[in-house]
There are 2 protein chains.
Amino acid sequence: MADPLSRVFSALADPTRRDIVARLAVGDATVNELAAPYDVTVQAVSKHLKVLEDAGLVSRSREAQRRPVHLEAEVFDLMTTWIERYRRRAEERYRRLDDVLRSMPDVSAPPPQEGNPS
Amino acid sequence: MADPLSRVFSALADPTRRDIVARLAVGDATVNELAAPYDVTVQAVSKHLKVLEDAGLVSRSREAQRRPVHLEAEVFDLMTTWIERYRRRAEERYRRLDDVLRSMPDVSAPPPQEGNPS
DNA sequence: TCCTTGTTCAACCGAAAGGTTGAGGAAGGA
DNA sequence: TCCTTCCTCAACCTTTCGGTTGAACAAGGA
């Protein structure tokens, strides 16, 4: 899976990885510390971290034997930019439809008040 | 995969599905219309739409034989809320560390590592 | 009624994801 | 030097994912 956006979304699609991100938002941590709360092996958590690292969400440094993991906030922008773009369009489109409906001569049909278009 | 957040992130982890969302931001479309640009079968696109629907990103109505697909913008909030929360925390933490570094008398020794609750 | 169009369901396939165990590398400390 | 700690790599297993083909269902139109 080459593209960065897919990697980020995919990385955050796993609840354990989101949990790890949440934990790292508090402060840097080592793999062992991160693995403690879960009943999976340290190797599994190490794999999760690799996924997060490949997505650019996390970086690892070296400090004696330890490899402290650090959360990188910049990549989040990639997602929010994408999301905002299409959400804005969808909402504009919805608003426009709403306007059209509102400006229509009332045809005995119920008015488009509190619109749920499903 | 039960939780809604995982479903949404997972749904958008696929480039074809993001493409479909982009297409739907312009306006509603049928499965056949959505499938046209890709060289996969209509069934494959139908599956993609099911994933998007299960994530709440899309809804399908009925209109004669056609099933027009509609983009639902609300679910995006689920993601942005999550993302913003941890990005903000990460940035605060970064800013705080920055302040600490800036306010430190320049010692030649390595700085006291920032709050790591181990 | 039968046919055509649009869509979904079911079964299958290969590749990738997420987990395991076991071994190995890197960096101190005794 | 040898030992211990922390971490990653490699091989394997099972489940899920994205795709296929083939059949079926739903709703007009002839």
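In what follows, chains are A, B, ... by sequence order, proteins preceding strands, each numbered from 1.
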Counting distance only, does the side-chain N/O of [X] pair as donor-acceptor with the main-chain N or O of [Y] below 3.5 Å?
| X | Y | result |
| --- | --- | --- |
| A:Ser6 | B:Ala13 | yes |
| B:Arg67 | B:Ser61 | yes |
| A:Arg7 | A:Ala2 | yes |

Side chain of [X] only, heavy atoms from C-beta on: which candidate in [options] is closest?
| X | options | answer |
| --- | --- | --- |
| A:His48 | C:dT7, D:dT20, C:dG19 | C:dG19 |
| B:Val31 | C:dT8, D:dT8, C:dG6 | C:dT8 |
| A:Arg62 | D:dG18, D:dT8, C:dA27 | C:dA27 |

OP1 or OP2 of [N] under 4.0 Å from side-chain N/O of [X]:
| X | N | answer |
| --- | --- | --- |
| B:Arg17 | D:dG18 | yes |
| A:Arg60 | D:dT8 | yes |
| A:Ser46 | D:dT8 | yes |
| B:Asn32 | C:dT5 | no |

Just grab all the side chain to side chain donor-acceptor pair (under 3.5 Å) pairs involving residues 33-46 of chain B, residues at least two apart or on different chains. B:Asp19-B:Tyr38
[X] [atom1] to [N] [atom2], straight-line distance once rounded to whole Å:
| X | N | atom1 | atom2 | value |
| --- | --- | --- | --- | --- |
| A:Leu52 | D:dC7 | CG | C1' | 16 Å |
| B:Arg66 | D:dG28 | CZ | C1' | 10 Å |
| B:Arg67 | D:dA27 | CZ | P | 9 Å |
| A:Ile20 | C:dG18 | CD1 | C1' | 12 Å |
| B:Lys50 | D:dG19 | NZ | C1' | 17 Å |
| B:Leu49 | D:dG19 | CG | P | 12 Å |
| B:Glu33 | C:dT7 | CD | C1' | 13 Å |
| B:Glu63 | D:dG28 | CD | P | 11 Å |

Using a cut-off of 4.0 Å on non-hydrogen atoms, how would the nucleic acid contact of A:Thr16 be classed: base, sugar-phosphate, or nothing? nothing
State which residues pass salt bridge (charged side-chain N to carboxylate O under 4.0 Å, His left out) with A:Glu72; sequence neighbours excluded, sorted by chain then number. none
Partners of A:Arg17 by side-chain hydrogen bond (donor to acceptor under 3.5 Å, both in side chains), sequence neighbours excluded? A:His48
Among residues at least two apart in sequence or on other chains, which ones pass side-chain hydrogen bond (donor to acceptor under 3.5 Å, both in side chains) with B:Glu84? B:Arg87
If the helix axis at each end comes from five base pairs, how far does the helix from C:dT1-D:dA30 to C:dA30-D:dT1 deviate from straight, to 10°? 0°
Kindly state which residues belonging to residues 36-45 of chain B come within less than 4.0 angstrom of DNA chain D, counting heavy atoms of the residue only, listed by number. B:Asp39, B:Val40, B:Thr41, B:Gln43, B:Ala44
As an exercise, state the distance from OG1 of B:Thr80 to CZ of A:Phe76, rounded to the nearest 0.5 Å. 12.5 Å
Residues A:Arg18, B:Asp3: salt bridge by 4.0 Å N-O rule: yes
Which residue lies toward the 5' end of DNA chain C, B:Thr30 or B:Lys47, if each is placed at its nearest nucleotide? B:Thr30
Non-hydrogen atoms of A:Arg23 and A:Leu34 that approach each other most closely: CG-CD2, 3.5 Å
